[in-house]
**Q** 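First, the structure itself, so that you have it in front of you.
First the proteins, then the strands, lettered A, B, ... as listed; each starts at 1. The figures here come from the full heavy-atom set of this structure, side chains too, leaving out hydrogens, waters and symmetry mates.
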Amino acid sequence: MTPWVEFVVAALIVIGTVFALVGSIGLVKLPDVMTRLHSPTKATTLGVGALLVASIISFYHWKGKLAINELLITLFLFLTAPVAAQFLARAYLHLHCDSAGDLPATNRPCQWSTFQCACPPDAEDGSAAKP
Amino acid sequence: MTKPSEIASPKLPFRQRWIPHPSLTGVMILLWVAMANNFSPGGWLLGTCLGLAIPLLTQSIWDTTPKIASYGNVLIYALVVLWDVLVANIEVAWLILFESPRDLRPQWITVPLDLRSREGIAVLAGTVTLTPGTVSCDLSADGRSMLVHCLDARDIEEIIRRIKTRYEARLLRIFR
Amino acid sequence: MELLVALAVGLMTATGVYLLLRKRSFPVILGTMMLTYAVNLFLFSMGRLAVNRPPVIQVGGNGYTDPVPQALVLTAIVISFGTTAVIVTLALRAFLEAATDRVDLAGTTEKDSAES
Amino acid sequence: MRLMLIIAIPFFGALLPMLLARAGRRACAIATGLSTLMALVLLLSHAPVISAGQAFAVSHQWVPQVGMDLALRLDGLGLLMAGLILGIGLLIVIYAYHYLGKDESLGAFFTYLLLFQGSMVGIALADNLLSLLVFWEGTSLASFLLIGFWRHLTEGRQGARMALIVTGGGGLALIAGMLLLGDIAGTMTISELTARREAIQQSSRYPLALLLIAVGCFTKSAQFPFHFWLPQAMAAPTPVSAYLHSATMVKAGVFLLARLWPVLSGTEWWFYTIASMGAVTFLLGSVVALFKDDLKALLAYSTISHLGLMTMLLGLGTEAGLIATLLHLLNHAAFKGALFLTVGIIDHETGSRDLRNLGGLWRILPITGAIALLGLAANAGLPPLGGFLSKEMMLEAVSQVSWWGQPHLLTAIAAIAGTFAVAYSARFFAGAFLGEPGADLETAHGPSWGLVGPAALLVVSALAFGVFAQPLAEPILQTAVRGAMGNGDAPTIHLKLWHGVNLPLILSGVAILGGGILAGTFDGWRSLLKRRLAIEGQRVFRACEWQLVSVSRHVTERFHGGSLANYLTWFLVGVLALGGLSVWPSGLRSGDRQLLPINVLALLLITCLAAACLMTILLHRRRLLSVLMANVVGLITSIGFIYFSAPDLALTQISVEVVTLILILLALYFLPKETVAEASPIQRWRDAALAGLCGAAMFALTWVVLSSDGPTDLANYLIEQSKPAGGGSNVVNVILVDFRGFDTFNEIMVLAISALIIYALLDGAMHGAAADKLDHWEHDIPRSPEKHPAMFISFTRALLPLALLVGVYMFLRGHNQPGGGFVAGLVVTIALIVQYMVSGYQWAAERISIDYHSWIGWGILLAAGTGVASMILGYPFLTNAHEHFDLPYLGSLDISSALVFDLGVLMTVVGAVMLALANLSRLGRRAERAAQKAAEAAKLLDRGE
Amino acid sequence: MIAIVIPIGFAGLSLALLLNMIRLVRGPTAVDRILAADTMVINTIALIILYGISQKTTAYFESALLFAMFGFTSTVAYCRFLIRGDIIE
């Protein structure tokens, strides 16, 4: 492949690796759970993204056909990362935080939903809160 | 996979009866062709079949269909977010690598929401999580304000303003 | 590389066995899981190790690894899943019926309230 | 071939009564009677030729490796025995039909009876030592069933057990003896043994073989010291006693001795073993019989003594002895059978068979009385009955041999025994029929012909054997003897009642006289002797039995203490020891295979693996975390699979892992979240050491394998054949769905079955103690009130179609690329499960309604259907049919039946996994509902306050 | 150039995995550990993609896809267990 493409691919690989690494470093380095939560949710998504782009480009040059199917993975990650992050956050809030003490007010006549059920208590089915 | 009763009743016009979510159908077709990496007519054909079948099978889970106002805005929004994600990553990377943890000022903040549609809020939350130093952690029980955690909150107002103008405003235009 | 794989099998076996020897149902279940990993890897390694020689026939493919152990292990994984599921359910039912999850009737059950 | 039928008829006939049990007693009886009759007719149809000295033989290979053929040979002896068995059998069937109560399961009884009959005839006809053994054991089992037929009677069960143990134990000895004999002779065919008589008797192992065989025969024929089981067996219904314990089964021992007489007899060993035991039994039996008040017990001991008599005669080893034996065999069958039947009648009509309550029955049961009189006369050996004949011959034969160097000792014993025989016969008759009837006997009424008939027939024949000895008994005996001698030149026999005055006549006269006196003065001195004659055999047996039981219980408690850990420890130590031994001398040696280079990635990964394993152990008390660690181990394993080019394995592994995780978490919700520490440090270290050893062993094993080259021909073959034969380029998948499709089929069966087990288990938990617990469940962890946060729902909803798309993708490509029905199934399952988790069961269940059971069913049907289809098309089960199309514009298209099979797999997987998970979550919902009800109740209470 | 970069990539990613492992071991809270595991899965995905590039094959793409799906699923399961105890209710 042409040196330019090769350079791009190499660069992307490095970037991807670096971001993935950074995410993990943050995971170890940062002081408490919530801050640690930041690093992977961002860095890793981009890390994987960069690597995917790299592989797409390289395969386009090796096999001569565009294999965008890899983008699906990124799509998945972008869809799921926030959900996972918020689940983790809620778990943390639920286990280690107290709605009154260490959280800001909601500025609403109700609490954060981790501490107060949005759905009326008699709603037998677990179907979602209708804000 | 759906109960017969769940399928929309036959008096609906043909389009809504058989293609309940055109946008979803389109996405499905594209995704299939992309995933199977097969741009031959056969691939498109199979994709179309799936694109028609899967929404029909799963339509029962879309009890509230998101109303997309303009697809143009969706595109713009996507690009904005992508850009911000890039930036966010670099920022966070910087923070992680070169800031000593002691200098970080992690902070909880409450963002009041004007968005109402569930999808809108969901997308906003996702965006917040993916973008600079913020993770959306919780909603108030009535879903009118969002709990956000900032990795390094130097200027809270700035962050809130960004969230509201840069993302929420656009989303308001997308989901009505 | 072979050495490392053998090491992995050994490690997982040891873990599995240790957990199997615990006195409560749950660790035992975990032990069986671990043992399953170990055994599967062991069976798989019967086909010897090869890097990037997946047994998927393609033009210009650079040789293939032995597919037989793979097929066998595939079945093994599935069946061990089935059995694990049954064990888990058994343990659950047993606990609900008997109010203890000991798998050791020899010792006294007073220890149930012992310090953890 | 007709010989085979003789045995086959009873065995197959045995099915009829069972099947006809609904059709009523009569039908059962008729079926049984007919099959017996058929066998009998078939047997007698051979009689003419055999009486001419011929023999029929037929042989089929059974287990040629050990020289075991199903060889039958019908000669005179066999004819006599089989004739007795079937003839008396016929009578017994009629008798039993009238004897057994209306409410008893005649079907079962007759089935057992026919089974016994078949085995017995088998013994009579068998010409192969081993097949004879098979039939021998058959009789033991059948008699066990028959003796224990009245399950409600304790002594019935005990008697059955004792009989089985004694005869079965003897059977073991017999097996050993027979094998020895066969080994000595170099053939298992009985009819060939005679020719090798000298060789056998010279062999050094001859005594051992003889003793073992003798033990077998003694146990079967209730010879001292194994006689005690027979009286116990009298708990059986009288027809059984009459059939098995007088006429046929107990004769099997005698018969076998007679069968082997030409081979084994004539040596010191033979004489002193057989004759001595016979004599002792002869005397003991008749003496003890005198002191029995229970008529059946009395008859039992009399039977023992008569069997002793026959054994003794055989033991003499002289032709005279043999002839006498066979004649007595015939007679005894006749009169003893008749006597048992009469006792049965008495019991049946009066409800008692104890001499102390009975009496004066002559007036009530004259016919029965007459029968009894004749029978007892024969038993006592009075002329003109057959018994007299055989007794005369016995005394004749005995008087010619000297025992332990004493010329007259044996004769004396015989005479004394004979005297006692007369005595107890007299006592029987006098006690039962003469004198004044007991008060409660007035009610007794005359028996039906069905009871009297058989008895009468038997006793008449007993009479006839005496009176018409010349025309009737002589030919039978002649034929039998010729058969028993095993060669044509048998002596010609002349039976006549009057031999003129000779020693035997005098002796019998003395016996009759003495017997009369004994019986007359019996009551005077019974008391002082009675105590002495307690039968020790039983007590010894009981003691042994008890000892055995207690010992085995002790052993069981020692090793089967209910501690899984202990079992595993034993097991693992054993395995390690065996493995160690197997490689002991040489030790494991690593091969010289070209190894792969180690890279930093692998090193770091193995470090992670080690850490994860360690953490799993260290955290194993905090269960959630240990599960997490185990998952990490699985993750790393699947990375390994990917690296070593097994993408299919990786796919399966990770999907299975997630499902397992969900399953475990669902269960963990109810299980304790922490494990208490109970193992002492010593225990822990011991376990750790054991675990380490096991790990080391596996490490060594794996290393040895991996470092040496293995066979590759099979792999190459499959890889070559994959495309042409299997029509797929993913060899693993082709193996799964085509080459080894049947395995996969069974695999999904296993999955389905385990799902159903889980369903059953959890459904059972919906009531009883478990349900109780669920209804009063208090949560042991803090729970956030918000069940299903809104935003997650809208996010994960988007995932479902996407996941389904991926599932379809995985499924379609499976045959040519990594993927396949199983993985696709799990993908779909996970997609659904995520909906269940995030949006809540109700929400999802309303919208996604799958009938999991029917999915499982259809899946398996589909999978099986493809297999059957290929069978219909004439290929072996689950052969893959595939076709390649080139469609215009649309590109190429591969269609193969494997896809349908895979679809079946997919459906089964989805159905099974979802069924399991849904039912697990059902428990949680129940607990939740109960909790909410409780909360509402509490709220109402507060309002009330 | 790629030939040079790929080993670096492998080293970096496996190092990342090791770091995750450290967090997994250190904890202290369950949330930390779950987060670490989740990150591990994502790094694994990256690793697989890199492996694909290095071996010039797309055979492992599906594995990566499933990792993405199932990693998320298990994270959700764990969190639900922590939040509600009952993961399907």
Side-chain angles (χ1 to χ4, degrees), chain C residues 1-2 4 6-11 13-15 17-21 23-24 26-27 30 33 37 41-42 45-46 48-50 52-57 64-68 70-71 73-75 77-79 81-82 84-86 88-89 92-93 95-97 101 103-106 111 114 116, chain D residues 561-565 568 595-596 598 602 606 609-610 613 616-617 620 623 626 630 637 644-647 649 652 656 663 667 671 674-676 678 687 691-692 694-695 698-699 702-703 706-707 710 715 718-719 723 729-732 735-736 743 747 750-751 754 757-758 761 765 769-770 773 916:
Chain C
M1 207 55 111
E2 279 77 0
L4 295 186
L7 202 58
V9 173
L11 277 169
T13 314
T15 318
V17 170
Y18 183 82
L19 289 177
L20 272 183
L21 293 174
K23 287 184 164 44
R24 299 303 179 124
F26 195 80
L30 271 188
M33 272 177 67
Y37 292 147
L41 191 55
F42 176 72
S45 64
M46 291 300 104
R48 306 307 187 273
L49 303 182
N52 191 28
R53 282 174 175 32
V56 177
I57 292 169
Y64 309 102
T65 179
D66 188 348
V68 181
Q70 293 196 20
V73 172
L74 209 66
T75 317
I77 294 176
V78 177
I79 290 188
F81 163 69
T84 312
V86 172
V88 169
T89 321
L92 175 57
R93 175 78 188 273
F95 176 71
L96 287 177
E97 299 284 353
D101 61 344
V103 288
D104 179 1
L105 304 177
K111 289 215 199 81
S116 64
Chain D
S563 159
L564 182 62
L568 285 173
L595 300 184
L596 298 171
I598 295 179
I606 206 75
L609 185 77
C613 286
T616 320
I617 289 178
H620 84 268
R623 296 181 169 182
S626 59
T637 321
F644 296 117
S645 50
L649 285 192
T652 320
V656 161
L663 202 98
L671 294 171
E674 308 258 309
T675 311
V676 299
E678 355 183 44
D687 296 350
C694 295
M698 283 300 279
F699 165 77
T702 321
W703 167 244
L706 281 180
S707 60
L718 290 174
I719 292 168
K723 209 94 170 94
S729 52
N730 177 3
V731 185
V732 175
I735 292 176
L736 284 177
D743 292 359
E747 160 195 334
V750 169
L751 211 53
S754 52
I757 293 173
I758 292 173
L761 276 171
K773 199 154 180 187

**Q** In terms of heavy-atom proximity below 4.5 Å to chain C, should Val750(D) be classed as side chain, backbone, both, or neither?
**A**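 Contact with chain C is through the side chain of Val750(D) alone.
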**Q** Please evaluate residues Leu751(D) and Phe81(C) with respect to the criterion side-chain contact (heavy atoms from CB on, under 4.5 Å), reporting the C-alpha separation (whole Å), side-chain torsions for both, the decisive distance (0.1 Å), and the verdict.
**A** CA-CA 8 Å; Leu751(D) 211 53; Phe81(C) 163 69; 3.8 Å; yes
**Q** Examine distances only and state if a side-chain atom of Ser754(D) and a backbone atom of Val86(C) form a donor-acceptor pair shorter than 3.5 Å.
**A**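 Not confirmed, Ser754(D) side chain does not pair with Val86(C) backbone.
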**Q** Using every non-hydrogen atom in the two residues, find where Leu609(D) and Ala8(C) come nearest and quote the distance to one decimal.
**A**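 Minimum heavy-atom contact is CD2-CB, 3.4 Å.
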**Q** What part of Leu19(C) lies closer than 4.5 angstrom to a heavy atom of chain D: side chain, backbone, both or neither?
**A** side chain
**Q** Quick check on the interface: out of Thr616(D), Ile719(D), Thr637(D), who has the most heavy-atom pairs with chain C under 4.5 Å?
**A** Ile719(D)
**Q** Check Ser45(C) against Leu706(D) and note the closest heavy-atom contact, atom names and distance.
**A** O-CD2, 3.3 Å
**Q** Between Leu49(C), Leu30(C), Thr65(C), which shows the greatest number of heavy-atom pairs under 4.5 Å with chain D?
**A** Leu49(C)
**Q** Measuring heavy-atom distances to chain D, does Leu7(C) have an atom under 4.5 Å in its side chain, in its backbone, in both, or in neither?
**A**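 Both parts, backbone and side chain.
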**Q** Where does Arg93(C) contact chain D at under 4.5 Å (heavy atoms): side chain, backbone, both or neither?
**A** side chain
**Q** With respect to Asp687(D), which candidate in Leu20(C), Leu21(C), Val17(C) satisfies the side-chain contact (heavy atoms from CB on, under 4.5 Å) definition?
**A**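 Among Leu20(C), Leu21(C), Val17(C), the one that satisfies the side-chain contact (heavy atoms from CB on, under 4.5 Å) with Asp687(D) is Leu21(C).
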**Q** Tell me the closest heavy-atom pair linking Leu4(C) and Ala602(D), and the distance in Å.
**A**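 Closest approach of Leu4(C) to Ala602(D): CD1-CB, 3.7 Å.
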**Q** Find the distance between SG (Cys613(D)) and OH (Tyr18(C)) and round it off to the nearest 0.5 Å.
**A**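 Spacing of SG (Cys613(D)) from OH (Tyr18(C)) equals 14.0 Å.
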**Q** Considering only heavy atoms, which portion of Leu649(D) lies under 4.5 Å from any heavy atom of chain C: side chain, backbone, both, or neither?
**A**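 Its backbone and side chain both get close to chain C.
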**Q** Give, as side chain, backbone, both or neither, the part of Ala765(D) having an atom under 4.5 angstrom from any heavy atom of chain C.
**A**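 When you check distances to chain C, atoms from both the backbone and side chain of Ala765(D) fall under 4.5 Å.
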**Q** If you take all heavy atoms of Ala71(C) and Leu736(D), which pair is closest and at what distance?
**A** O-CD2, 3.8 Å
**Q** Let me know if Ser626(D) has heavy atoms under 4.5 Å from chain C in its side chain, its backbone, both or neither.
**A**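 Both backbone and side chain.
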**Q** Can you name the closest pair of heavy atoms from Ala770(D) and Leu96(C) and give their distance?
**A**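 It is CB-CB, 3.8 Å.
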**Q** Quick one: closest heavy-atom pair of Met1(C) and Phe644(D), and the distance?
**A** CG-CZ, 3.6 Å
**Q** Are any non-hydrogen side-chain atoms of Ile757(D) and Thr89(C) less than 4.5 angstrom apart?
**A** no
**Q** Which atoms of Leu718(D) are under 4.5 Å from chain C, going by heavy atoms: the side chain, the backbone, both sets, or neither?
**A** side chain
**Q** Any idea which of Asp66(C), Thr84(C), Ile77(C) has the most non-hydrogen atom pairs under 4.5 angstrom with chain D?
**A**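 When all of Asp66(C), Thr84(C), Ile77(C) are compared, Ile77(C) has the most.
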**Q** Heavy-atom pairs under 4.5 Å with chain D - which of Leu11(C), Val88(C), Leu74(C) has more of them than the others?
**A**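 Result: the option with the highest number of such pairs is Leu74(C).
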**Q** Where does Leu595(D) contact chain C at under 4.5 Å (heavy atoms): side chain, backbone, both or neither?
**A**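 Both parts, heavy atoms under 4.5 Å.
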**Q** Nearest 0.5 Å please: distance from the CE atom of Met698(D) over to the CG atom of Leu41(C).
**A** 9.0 Å
**Q** Taking every non-hydrogen pair under 4.5 Å, which of Ser707(D), Ala715(D), Ala667(D), Ala916(D) racks up the most with chain C?
**A**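 Most heavy-atom pairs within the cutoff with chain C belong to Ala715(D).
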**Q** Checking the side chain of Glu2(C) only, and the main-chain atoms of Trp703(D) only, is there a donor and an acceptor separated by less than 3.5 Å?
**A**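 A pair under 3.5 Å: no.
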**Q** Between the side chain of Gln70(C) and the main-chain N/O of Ser645(D), is any donor-acceptor distance below 3.5 Å?
**A** yes
**Q** Is any side-chain heavy atom of Val676(D) less than 4.5 Å from a side-chain heavy atom of Arg24(C)?
**A** yes
